[in-house]
Protein chains: 2
Amino acid sequence: MDGTTVIARQLPLLTQPPVEACCAPLQAAPLADAEATELARRFAALSDPVRLRLLNLLATAADGAMCACDLVEPVGKSQPTVSHHLKILREAGLVVSEKRGTNVWYAAVPAALESLRDALAPHP
Amino acid sequence: MDGTTVIARQLPLLTQPPVEACCAPLQAAPLADAEATELARRFAALSDPVRLRLLNLLATAADGAMCACDLVEPVGKSQPTVSHHLKILREAGLVVSEKRGTNVWYAAVPAALESLRDALAPHP
DNA sequence: CCAACGTATTGACACTCGTCGATGTCTGCG
DNA sequence: CGCAGACATCGACGAGTGTCAATACGTTGG
């Protein structure tokens, strides 16, 4: 937990995956049931304070990524709980992960946040 | 349920309340615990498909507002369930309501959506 | 004043979710 | 090989949530 940040600068950043928008802006066009369900699922990933803090830590990380071991202490939850929340963020496409030796590195996916931002965009 | 829309055009739109942002953008500055909890509470209001459809109906309403009686059938849930979701949206500041006779009119609050949008804004 | 209507509230139920301790899995090291 | 460390998964528990039928409340119209 001490030498991790040193290694980080020597490794490439995690590759960002493609992000597909699910719906038109809420204030623009009618929302179908399936679209509403999918959009609700994505917003649900943001509806927990621990997940927001994790996402915030990753999004503001100096190296663009952080070791899972360095995420446990800042949020003040147990290691299984943090692992659980990281899994939910990953399944929602909000973060990506990559195994490096015994550690796992996580990075935020800004395009995924931008996609949700678009859903809240005002009417043109 | 038939003459309601006719009356709507003859009445003023619901007044929009002031909206206060709770946090800096997720990707910009560190997020304190209290801020994370408040932001999570607001996103939780968007984490249900029925509420997203209600918000979508209100935000795209031709008159900028709709009678509660006209919101039940489109979402396909019981009247108490719709009333429950409208209450959650109202407590989250995403909609406002106003009683007109026996009916209650609801309108979306675009500024509240914009506030959440700001929280997802990219790093400058 | 009473009946009918629109909306909110209550109570109950099944289900999901956040949390943690215990355990499993995999990697690197001596 | 065997041990130690990092992370994920499992099992269990309490709290919260979405849903509806039944009911209460408030307003309008006859």
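To find a chain, count down the sequence lines: A is the first, B the second, and so on, and within it residues start at 1.
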Original post:
For C:dT7, does either OP1 or OP2 sit under 4.0 Å from a side-chain N or O belonging to B:N103?
Top reply: yes
**OP:** Starting at CG of A:L26, measure out to CG of B:L54 and round the result to the nearest 0.5 Å.
**Re:** 11.5 Å
Subject >> Rounded distance (nearest 0.5 Å) linking atom CG of A:D48 with atom CD1 of A:I88 >> reply: 7.5 Å
**OP:** Would you kindly give the CE-to-P distance between B:M66 and C:dG6, to the nearest whole Å?
**Re:** 15 Å
Subject >> Distance test, side-chain N/O of B:Y106 to OP1/OP2 of C:dA8, below 4.0 Å >> reply: yes
Subject >> Interatomic distance where CD belongs to A:E98 and P belongs to D:dC7 [whole Å] >> reply: 14 Å
Original post:
Looking at A:K87, does any N or O in its side chain come under 4.0 Å of the phosphate oxygens OP1/OP2 on D:dT9?
Top reply: yes
Subject >> Salt bridge B:E20-B:R42, side-chain N to carboxylate O under 4.0 Å >> reply: yes
**OP:** Rounded off to whole Å, could you give me the CG-to-P distance for the B:L86 and C:dG6 pair?
**Re:** 16 Å
Subject >> Shortest non-hydrogen separation from A:P74 to A:R53 and the atoms involved >> reply: O-NH1, 3.2 Å
Original post:
What integer distance in Å separates B:R41:CZ from D:dA15:P?
Top reply: 21 Å
**OP:** Measure across B:P110 and A:Q27 and return the closest heavy-atom pair with its distance rounded to 0.1 Å.
**Re:** CB-OE1, 3.7 Å
Subject >> Base-contact (B) and sugar-phosphate-only (S) positions in nucleotides 17-30 of chain D, heavy-atom cut-off under 4.0 Å, - elsewhere >> reply: -SBBBB---SBS--
Subject >> Nearest heavy-atom neighbours spanning B:F43 and B:L120 >> reply: CZ-CD2, 3.8 Å
